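These numbers come from a predicted model, not from an experiment.
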Amino acid sequence: MAESLRIRNIHFITLVLLCIGFPAHSNRIRLDEHQPLSKIDVYKATVALRNNAYIKASPLVLGLNGEDTDWVTIKFLHPEPSADDWIAVFSPAKFNSSPCPGSNKKVQTPLICSSPIKFNYANYSNPNYARTGKASLVFELINQRADFSFALFSGGLSNPKLIAVSNPLSFKNPKAPLFPRLAHGKLWNEMTVTWTSGYNISEAIPFVEWGLEGETQTRSPAGTLTFSRKSMCGAPARTVGWRDPGFFHTSFLQNLWPNTVYTYRLGHRLFSGSYIWSKSYSFKSSPHPGEESLQRVIIFGDMGKGQRDGSNEYSNYQPGALNTTDQLIKDLDNIDIVFHIGDLSYANGYLSQWDQFTAQVEPIASRVPYMVASGNHERDWPNTGSFYANMDSGGECGVPTETMFYFPAENRAKFWYKTDYGLFRFCIVDSEHDWREGSEQYRFIEHCLASADRRRQPWLIFAAHRVLGYSSNDWYALEGSYEEPMGRESLQKLWQKYRVDIAFYGHVHNYERTCPIYQNQCVNEEKSHYSGTMNGTIHVVAGGAGSHLSAFTKEIPKWSLYRDYDFGFVKLTAFDRHSLLFEYKKSSDGKVYDSFTISRDYRDVLACVPDSCERTTMAA
């Protein structure tokens with residue numbers, strides 16, 4: 001077993017993506033490290049079916065009671081087994097019968113033109129497989145609008161040889177409405193519900209049935225969007241990673257009463273007159289801006305997804321994702337809104353992974369608003385208008401994120417927006433577009449900060465994916481900046497002028513908190529309790545929600561008050577307009593490892609701090 005595990009690890013470390021042919025580039029993080037599905041050399045696959053080999057899957061029908069997730073048992077036999085045999089899950093089930101798209105580079109025939117949606121090694125739970133050739137595995141599948149099949153391969157990931165293909169299986173209703181995602185609308189008393197289904201508007205009319213808990217329900221229509229292979233900007237999203245994404249429906253639930261529980265369910269009215277329903281959900285509406293009620297906010301970045309069945313595609317890259325997800329689900333009764341500030345799924349051009357991510361966060365996103373920001377793994381691709389000309393999105397260039405998630409931006413391709421929650425004003429910035437002075441986004445940032453009514457919204461929060469403020473991450477230190485290049489040069493005067501309380505970032509996969517700081521100098525000597533005027537902004541890196549961790553510098557800058565090389569997330573609790581609690585919790589146990597409080601009056605928000613006040617006059 002130890003030897004087979006060693007061989008498996010060698011494959012994961014040494015194999016490189018040959019089929020896509022990306023040019024070399026000098027990004028800090030290479031694309032092939034992010035998406036283990038990319039390590040499968042799909043175009044080199046050959047068909048070598050064996051009559052005396054088999055693979056069988058059961059049960060044949062999944063989700064008999066309406067479940068959107070189910071478990072499948074795979075039994076297989078290979079007469080000439082080896083330690084690098086592996087099992088792939090394909091969807092649709094008929095994966096090797098159609099010709100490759102014209103954009104694919106044809107290496108040989110017959111070809112397999114689509115990546116599996118997940119895989120595992122044949123010996124994962126059977127240490128004697130290499131000797132007996134007979135074993136079994138279990139896979140967790142989610143409803144992804146198509147049937148499934150399983151394939152047994154030899155030759156490892158770099159030279160796959162198809163040995164046997166299983167029988168197909170499917171969910172009872174592959175097109176069912178699934179994975180609702182709540183988000184704030186553009187008004188404080190508006191909630192949006194976005195979900196995924198297999199129903200186009202030519203087949204059914206989408207809507208949401210909703211209302212006050214226990215009272216008569218109403219129905220609101222939903223708009224429908226999707227995207228095609230041609231919407232993708234490059235490989236693998238346009239080639240082996242492409243999978244039909246289904247349809248995305250968004251309904252706007254308006255004129256909500258503040259702090260009130262509503263129930264809802266997703267519906268599709270077929271043209272035959274029958275209805276397709278989801279299960280029932282509930283949410284609590286937002287408080288009125290300025291309302292003094294208990295308000296609890298979760299903020300993190302860079303979570304990704306994990307696999308509860310042990311399949312391999314993310315086991316080495318997002319090791320903390322499931323722990324973070326599970327801690328949030330466990331504490332969901334004490335959470336009002338979530339901000340995931342970039343690097344959501346790390347699909348990186350393998351579109352099937354977006355379904356798996358929305359399934360993972362569904363218990364959270366169906367109950368509380370799940371607000372998202374754009375990161376490099378959602379947006380970046382050369383010559384597409386992103387500020388960074390790298391390939392981190394795997395050819396997605398922002399399209400899946402902008403289509404699958406609602407956010408209250410004026411332009412979905414410009415991923416910046418403001419949203420209010422009770423005593424909070426949030427200014428969400430798109431670090432993958434130019435934020436510097438003179439840019440369109442810079443004007444938005446200043447307007448978002450300046451328009452906050454600090455009497456009603458005393459807690460002013462800035463958030464972006466990349467670190468536009470301060471981080472003692474090792475690669476920033478090597479660049480000599482302790483920030484994203486050009487990060488804070490234009491923005492710090494805005495943070496100071498409008499007295500931003502806390503600025504949050506992801507991108508760096510760890511946790512770090514600074515002192516209240518301005519122009520590289522701590523402007524407040526307190527560390528755990530801030531009373532009165534803070535004089536500067538506290539900067540927090542909260543990018544350790546799941547993806548592999550990032551190292552710190554050995555030398556600790558004076559402005560760095562707390563650093564943690566572990567997985568975790570941040571929770572803000574506003575008790576009223578005068579008191580705020582900040583907590584950093586680890587994903588492993590949900591306990592608090594760093595915290596501080598802010599106590600102040602309205603006059604403290606108005607007080608002049610360095611470079612913050614307008615000119616005054618001595619005139620009477």
Side-chain angles (χ1 to χ4, degrees), residues 20 35 37-38 40 42 62-63 68-69 88-104 111-119 141-151 168-181 194-204 206 222-250 266 268 270 276 278 305 313 344-345 347-360 362 378 393-405:
I20 295 174
Q35 179 43 270
L37 289 177
S38 69
I40 302 172
V42 174
L62 309 175
D68 53 29
T69 302
V89 185
F90 286 94
S91 180
K94 210 169 183 180
F95 60 88
N96 65 333
S97 61
S98 59
C100 292
S103 59
N104 286 354
L111 291 173
I112 296 174
C113 301
S114 60
S115 170
I117 62 173
K118 60 167 66 177
F119 69 94
L141 298 184
I142 64 168
N143 192 342
Q144 292 188 255
R145 303 168 306 283
D147 55 0
F148 302 85
S149 65
F150 299 80
L169 49 82
S170 177
F171 277 83
K172 182 179 179 181
N173 180 8
K175 294 185 175 184
L178 299 171
F179 317 134
R181 307 176 283 280
T194 300
W195 71 96
T196 307
S197 87
Y199 292 108
N200 195 357
I201 55 174
S202 61
E203 300 175 85
T224 299
L225 297 173
T226 189
F227 55 89
S228 69
R229 187 193 296 264
K230 292 182 179 179
S231 302
M232 302 293 96
C233 293
R238 201 176 173 99
T239 56
V240 295
W242 170 256
R243 187 181 187 276
D244 189 300
F247 301 96
F248 309 106
H249 317 281
T250 299
L266 317 172
H268 291 263
L270 303 178
I276 304 296
S278 74
K305 52 172 287 299
E313 77 259 47
L344 310 182
S345 72
N348 294 359
Y350 289 83
L351 278 300
S352 64
Q353 306 306 290
W354 279 108
D355 283 313
Q356 295 182 35
F357 174 76
T358 53
Q360 177 179 301
E362 184 260 4
E378 283 76 52
S393 76
E396 293 179 8
C397 53
V399 173
T401 317
E402 294 161 11
T403 310
M404 297 176 69
F405 289 87

Would you say [X] and [Y] make side-chain contact, with heavy atoms under 4.5 Å?
X      : Y      : answer
Met404 : Thr194 : no
Leu178 : Arg145 : no
Pro116 : Val89  : no
Phe247 : Pro206 : no
Glu362 : Pro180 : yes
Pro245 : Thr226 : yes

Nearest non-hydrogen partners of [X] and [Y], listed with the distance:
X      : Y      : value
Ser38  : Tyr350 : CA-OH, 3.1 Å
Phe95  : Ala151 : CZ-CB, 4.0 Å
Ile40  : Phe119 : CD1-CD2, 3.7 Å
His249 : Thr224 : ND1-OG1, 2.9 Å
Arg229 : Thr239 : NH1-O, 3.4 Å
Ser231 : Val399 : O-CG2, 3.6 Å

Going from [atom1] on [X] to [atom2] on [Y], what distance comes out if it is rounded to the nearest 0.5 angstrom?
X      : Y      : atom1 : atom2 : answer
Phe148 : Ser91  : CZ    : OG    : 4.5 Å
Glu396 : Phe227 : CD    : CZ    : 7.5 Å
Leu344 : Gln360 : CG    : CD    : 11.5 Å
Ser352 : Asp244 : OG    : CG    : 12.0 Å
Ile142 : Lys118 : CD1   : NZ    : 8.0 Å
Leu141 : Gln356 : CG    : CD    : 8.5 Å

Checklist line | The single option from Trp354, Phe248, Phe405, Phe357 passing side-chain contact (heavy atoms from CB on, under 4.5 Å) against Pro400 | finding: Trp354

Note to self: Can you classify the ring geometry of His268 versus Tyr199 as parallel (below 30°), tilted (30 to 60°) or perpendicular (above 60°)?
What the structure shows: tilted

Notebook entry, point to check: Can you check side chain to side chain donor-acceptor pair (under 3.5 Å) on Arg243 and Ser114, steps first, answer last?
Noted result: CA-CA 8 Å; Arg243 187 181 187 276; Ser114 60; over 6 Å; no

Checklist line | Backbone of Leu270 reached by a side-chain donor or acceptor of Glu203 within 3.5 Å | finding: no

Item checked: Verdict with supporting geometry, Lys94 and Asp147, side-chain contact (heavy atoms from CB on, under 4.5 Å) -> CA-CA 9 Å; Lys94 210 169 183 180; Asp147 55 0; over 6 Å; no

